[in-house]
Amino acid sequence: MTAEIALINKLAVTLAADSAVTIASADGSKVYNSADKIFEATNLDPIGVMVYNNPELNGIPIETIVKV
């Protein structure tokens, strides 16, 4: 389960997300507590992206596309 929060007011936006992710396999499931779920879309402007679930575009994970 992912928890993501976006707070906005007239001056700023704040993004927050937990860092746990569960990976399921044939042997069971494994929980990692250090996953990235918030990414900078650009280094020039303060634009952030939050990732929920496992979105893909043409088989490529969205977080990979944002990082590139």
Side-chain angles (χ1 to χ4, degrees):
M1 184 172 135
T2 295
E4 294 181 341
I5 297 172
L7 299 173
I8 185 169
N9 65 21
K10 293 180 180 180
L11 301 176
V13 175
T14 301
L15 305 176
D18 67 328
S19 61
V21 64
T22 304
I23 306 295
S25 68
D27 299 331
S29 60
K30 174 94 172 150
V31 176
Y32 296 94
N33 293 316
S34 60
D36 292 330
K37 296 182 183 177
I38 300 175
F39 305 96
E40 286 183 75
T42 175
N43 291 332
L44 304 175
D45 296 313
I47 300 172
V49 176
M50 290 193 299
V51 177
Y52 174 79
N53 208 348
N54 192 20
E56 294 180 350
L57 181 64
N58 292 332
I60 302 170
I62 292 292
E63 57 264 23
T64 302
I65 294 170
V66 172
K67 286 180 181 179
V68 171

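This is a predicted model, so every value here is computed, not measured.
Nearest heavy-atom pair across Ala20 and Asn33 is CB-OD1, 3.7 Å. Closest non-hydrogen pair, Val66 versus Ala41, comes out as CG1-CA, 4.3 Å. Considering every non-hydrogen atom in both Ala17 and Glu4, the closest pair reads CB-CG, 3.9 Å. The minimum heavy-atom distance linking Asp18 with Lys37 is given by the pair OD1-NZ, 2.9 Å.
Scored by the side-chain contact (heavy atoms from CB on, under 4.5 Å) test, Ile8 finds Val13 as partners (sequence neighbours excluded). Residues that satisfy the side-chain contact (heavy atoms from CB on, under 4.5 Å) test with Ala35, not counting sequence neighbours, are Val21.
The OG1 atom of Thr14 sits 10.5 Å away from the CD1 atom of Ile5 when rounded to the nearest 0.5 Å.
Taking hydrophobic clusters as Ile, Leu, Val, Met, Phe, Trp and Tyr residues chained together by side-chain heavy-atom distances below 4.5 Å, Ile47 does not share a cluster with Ile38.
In this structure, Thr22 contributes its side chain and Val31 its backbone to no donor-acceptor pair below 3.5 Å.
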